[in-house]
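Dropping the structure in here first, questions after.
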Amino acid sequence: MGENLVIVESPAKAKTIEKFLGKDFVVKSSYGHIRDLKPKDFSIDVANNFEPQYEIPADKKKLVSELKDLATKAKMVWLASDEDREGEAISWHLFQALNLKPENTKRIVFHEITKEAILHAIQNPRAIDQNLVDAQQARRVLDRIVGFEVSPILWRKVKPALSAGRVQSVAVKLIVDREREIEQFNGESWYRTISPFNVVGTDGREAVLKAELSKKFNTKEETIAFLESIKGKTFTINDIVVKPARKTPQPPFTTSTLQQEASRKLGFTVAQTMMVAQKLYESGKITYMRTDSVNLSQMAINTAKSEIISMAGERYSKSRQFTTSSKGAQEAHEAIRPTYISAHEIDGTSQEKRLYELIWKRTVASQMADAELERTTISIGFGNPDIWFAATGEVIKFDGFLKLYIESTDDEQNDDETTLIPPLKVGQNPEFVQAIATQRFSQKPYRYNEASLVRKLEELGIGRPSTYAPTISTIQQREYVLKESRPGEPREFAELTLTKNGAITEKNKIENTGQEKNKLFPTDIGSVVCDFLSDHFKNIMSYDFTAKVEEEFDIIAEGKMEWQKTIGEFYTGFHNEVVSANNERTEQKVGERILGVHPETKHQVSVKIGRFGPMVQIGTADDEDKPRFASLLKGQSINTITLEEALTLFKLPRVVGVYNGTEIKANTGRFGPYVQFAKLFVSLTKEDDPFTVSLERAIELIEKKQEAEKQKVIKTFAGDETIQVLNGRYGPYIAKERSNYKIPKGKVPADLTLEECLEIIASQPDAKPSRKAPAKATSKTKATAKAKAKTPAKAKGKPATKKES
DNA sequence: CAGTGAGCGAGCTTCCGCTTGACTT
């Protein structure tokens, strides 16, 4: 066995392809890249022509040695990674790491997982394209240089453990810039007039035509004057225009469009969408979910066609092949589609079912006929040739793809109302009912949500399908942006009505405006970092930086430029910016704002980004007495906080009262406001305020928490205080010091004896500590303890910022 | 989950793109 070894990137793909190729072929997966720059090192020898130092990551060592073993036994190794820049590099790294020989190595590519495509690929092998590999090396090296030279500047100048990068920093800039556009937005208002008219159709049908005036007025006075002027006028239908219109279905899903629609229609986050899609892919229900291609295999198009015909008839079918419009698309895969279009629905979780249904409908709809509409516009005049009322109606003549799928939009206020219009004729006199002029306001620019930010990034050619979701999560993890919902505010608007009998009435009404759901807002850290980077790294922070370097990478891929030369040219200018950003010395910390002086002590009061986020400081290091600090509260910003508000923060901790002989204090900490009773901490809820919370309320919260604590403990043992049986998030478990142990099936937690517990603990020696580090370095002696040798780079937890005082 | 922070100093943090696994008590 094993005449031929085929290596692809994804294990699910390997399984499918193995079936197509028969027993002479063994198909294995590389699980993506198998070598990379070292994760903790710069790993680029700048002085030595940017020589990269690659290594096989620890978690890939076993896999690579297995592949190496198989490769030496095989007669021919077929490198079948994706046909794009990264895929070519994967093949090259495999070639090197597995010590392959050119005479028994072939590079093959295919864009779709069908038997024909695979067999065709096998018959048309080629060599590794070194130019394309070099373009990837340039991309990799550039990203490492930017990330690892700029991030440390932020650690020094803003806050530890921050990060900067070609993709994430621009993503943050989009959010920050948009927020400023919103702040600076100068809204206008105008009056829009709508009138219902009673009409009788030529067929005798009565209807109400809702018509809008062609002119908008800027002031109330103009509006009233207009309403006065149409009192008692005769209204006449001057014109009827009937226009046919078509609607064309959207192309099938790419990663980005799937994320957008799943967000709009199913309310999924981008990460959620990708997780569910991954499940569908692994169980063979959909094609690959990280793609920028809208291409469908011929097989898929044919299946869709017969499916549509049997479902709705020949007229509804229209086969189409879409072409991509997105910048920098590499199209190594198909669009996201059901593997078997004949499967209208699937088994699985409700999320899987819903996402599958969305993919199925979108795919099938893309192969359906255009919808045919008829738009009718009726113009109603009243003797003034420059102004008229217009009513529009839309009738679907043939639904086509709309039978299956209606794409949603991000427009929150969709007040496009259309009326069903009966047959009418020019010269008819509709009956005036009333005219209502309403004050309207121009719309502020929209804030991004996760999915619309992805769409923008894709439009700018920034990031790839595999990185959209991780990028969105990184900028939130770094606390550059915050996903939030806001209730909005009431806004007054005027409404003027001209009634049938000629009276004009005026009403002031209230509407809710500025309501936001799961939108991305910049934090203080985000805007400070963004401004700092924009000041010092104009090139990298410009929206077209990626597009420009992509052009350079294309030149490398065409073999017209050495990658080191391209990187060298970039590095010269870039490194100068790094040096000057580092050397810049200013009186104030980056982003610091001086609010004034303390009314009593006369010490300076300022706000800035501290080690734990935005904070107020009273006094400076130069003052005789030590400075005092306080964190800003959620919702406060260093840009807008006043001196008075800042000083209020120092009223905490506050003694709320005495309970059972002990003081209850209210304060705000890392996880928000809380009340403290002896060693017990209880978080305050949204409704509570640490400055005003009453003793009664504090006691209520404390008693509730004490009750919950009691419920948590199922059993303790007199013989060993360190062992407890507890009730946790995932059910009962045994806790000993910092480690937790699972209770074997069949045991009743409450009946466990100390001996049984010890047995269980002994039988599970591998249990990991529940926290990766001691909770807190309370004493000086503890902090020097060396970091645990374990915990590789993988640990993605919260940055455990630690510093001695 | 845990409820902080002014120093003379250790060592940590970080990028983007490929891909899944994990043992979530």
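In the text below, chain A, chain B and the rest are named by the order of the sequence lines, each starting its count at 1. As a basis for the values below, the full set of heavy atoms in this structure was taken, side chains included, without hydrogen atoms, waters or symmetry mates.
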Would you mind telling me which of B:dG3, B:dT13, B:dT14 lies closest to the side-chain atoms of A:Ser151?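 Ranking B:dG3, B:dT13, B:dT14 by closest atom to the A:Ser151 side chain puts B:dT14 first.
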
Closest approach to the side chain of A:Ser683, judged atom by atom: which nucleotide of B:dG5, B:dC15, B:dA2 is it?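 Nucleotide nearest to A:Ser683's side chain: B:dA2.
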
Side chain to side chain donor-acceptor pair (under 3.5 Å) with A:Lys608: which residues, sequence neighbours excluded?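 Applying side chain to side chain donor-acceptor pair (under 3.5 Å) to A:Lys608 gives A:Gln617.
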
Both distances under 3.5 Å, Watson-Crick or G-U wobble: on that basis, could you give the dot-bracket string for DNA chain B, with [ ] for crossing pairs and | for other-strand partners? .........................

Describe, in one word, how the ring planes of A:Tyr281 and A:Tyr288 are oriented to each other, choosing from parallel (under 30°), tilted (30 to 60°) and perpendicular (over 60°).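 Perpendicular.
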
A:Gln278 CD - B:dT19 P separation (whole Å):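 Going from A:Gln278 (CD) to B:dT19 (P), I get 9 Å.
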
Not counting sequence neighbours, which residues clear ring-ring contact (aromatic ring centres under 6.0 Å, His included) with A:Tyr468? List them please.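 Result, ring-ring contact (aromatic ring centres under 6.0 Å, His included) vs A:Tyr468: none returned.
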
Which part of the nucleic acid does A:Tyr288 contact within heavy-atom distance under 4.0 Å: base, sugar-phosphate only, or nothing?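 Touches sugar-phosphate only.
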
When you get a sec, tell me which of B:dG5, B:dC15, B:dC18 is the closest nucleotide to the side chain of A:Arg611?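 Of the candidates, B:dG5 comes closest.
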
Give me the distance, rounded to whole Å, that separates B:dG3 from B:dT25 when you measure between the P atoms they each carry.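 Looking at atom P only, B:dG3 and B:dT25 are 25 Å apart.
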
NA contact type, A:Val146, heavy-atom cut-off 4.0 Å: base, sugar-phosphate, or nothing?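 A:Val146: no heavy atom of the nucleic acid under 4.0 Å.
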
Using the C1' atom in both, what is the distance from B:dT24 to B:dC1, to the nearest Å?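 Taking atom C1' in both B:dT24 and B:dC1, they lie 15 Å apart.
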
Is_stacked (A:Phe148, B:dT14) at 5.5 Å, 30 deg: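 Check passed, A:Phe148 stacks on base of B:dT14.
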
Rounded to whole angstroms, how far apart are NE2 on A:His93 and P on B:dG17?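 Atom NE2 in A:His93 sits about 15 Å away from atom P in B:dG17.
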
For residues 81-92 of chain A, which residues have at least one heavy atom under 4.0 Å from DNA chain B?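 Within this stretch, A:Asp82, A:Glu86 sit under 4.0 Å of the strand.
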
Sugar-phosphate only, base, or nothing, as touched by A:Gln168 at under 4.0 Å among non-hydrogen atoms: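 Sugar-phosphate, no base atom in range.
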
Which part of the nucleic acid, if any, lies within reach of A:Leu142 when heavy atoms closer than 4.0 Å are counted: base, sugar-phosphate only, or nothing?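 Answer is nothing: A:Leu142 stays at 4.0 Å or more from every strand.
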
Reckon A:Tyr281 touches a base, only the sugar-phosphate, or nothing at all at heavy-atom distances under 4.0 Å?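 Sugar-phosphate contact only - A:Tyr281 comes under 4.0 Å of backbone atoms but never of a base.
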
Spacing of A:Leu94 atom CG relative to B:dT19 atom C1', expressed in whole Å: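 In whole Å, B:dT19 C1' and A:Leu94 CG are 12 Å from each other.
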
If you check the A:Arg140 side chain, which of B:dT13, B:dT4, B:dC16 turns out closest?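 Nearest to the side chain of A:Arg140 among the choices is B:dC16.
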
Out of B:dT13, B:dG3, B:dG7, whichever nucleotide has its closest atom nearest the side chain of A:Lys626: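 Per side-chain heavy atoms of A:Lys626, the pick is B:dG7.
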
Can you sort out the partners of A:Lys157 under salt bridge (charged side-chain N to carboxylate O under 4.0 Å, His left out), two or more places apart, ordered by chain and number?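 Residues passing salt bridge (charged side-chain N to carboxylate O under 4.0 Å, His left out) with A:Lys157: none at all.
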
Could you tell me which residues satisfy side chain to side chain contact (heavy atoms under 4.5 Å, CB included) with A:Lys548, sequence neighbours excluded, listed by chain and number?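 Expected list: A:Asp544.
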
Any residue meeting salt bridge (charged side-chain N to carboxylate O under 4.0 Å, His left out) with A:Glu86, in chain and number order, not counting sequence neighbours: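 A:Glu86 satisfies salt bridge (charged side-chain N to carboxylate O under 4.0 Å, His left out) with A:Arg139 only.
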
Qualifying residues under salt bridge (charged side-chain N to carboxylate O under 4.0 Å, His left out), relative to A:Arg166, sequence neighbours excluded: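 So A:Arg166 forms a salt bridge (charged side-chain N to carboxylate O under 4.0 Å, His left out) with A:Asp143.
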
Side chains of A:Val675 and A:Phe681: does their closest heavy-atom pair fall under 4.5 Å?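 Sidechains of A:Phe681 and A:Val675: no contact.
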
Please name all residues satisfying ring-ring contact (aromatic ring centres under 6.0 Å, His included) with A:Tyr571, sequence neighbours left out, ordered by chain then number.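 Scan of A:Tyr571 (ring-ring contact (aromatic ring centres under 6.0 Å, His included), adjacent residues dropped) gives A:Phe50, A:His575.
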
Which nucleotide wins on minimum distance to the side chain of A:Ser10, given the candidates B:dT19, B:dT4, B:dC18?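 Nearest to the side chain of A:Ser10 among the choices is B:dT19.
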
Please state how far atom CG in A:Leu162 lies from atom P in B:dC15, giving the value in whole angstrom units.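 Checked: the CG to P distance equals 10 Å.
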
Check every strand shown and say whether A:Arg144 touches a base, only sugar-phosphate, or nothing at a heavy-atom separation below 4.0 Å.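 It contacts base atoms.
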
Between B:dC15, B:dG21, B:dT4, which one does the side chain of A:Thr474 approach most closely?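 From the listed options, B:dC15 comes nearest.
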
Between B:dT4, B:dG17, B:dG21, which one does the side chain of A:Arg139 approach most closely?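 Among B:dT4, B:dG17, B:dG21, the one nearest the side chain of A:Arg139 is B:dG17.
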
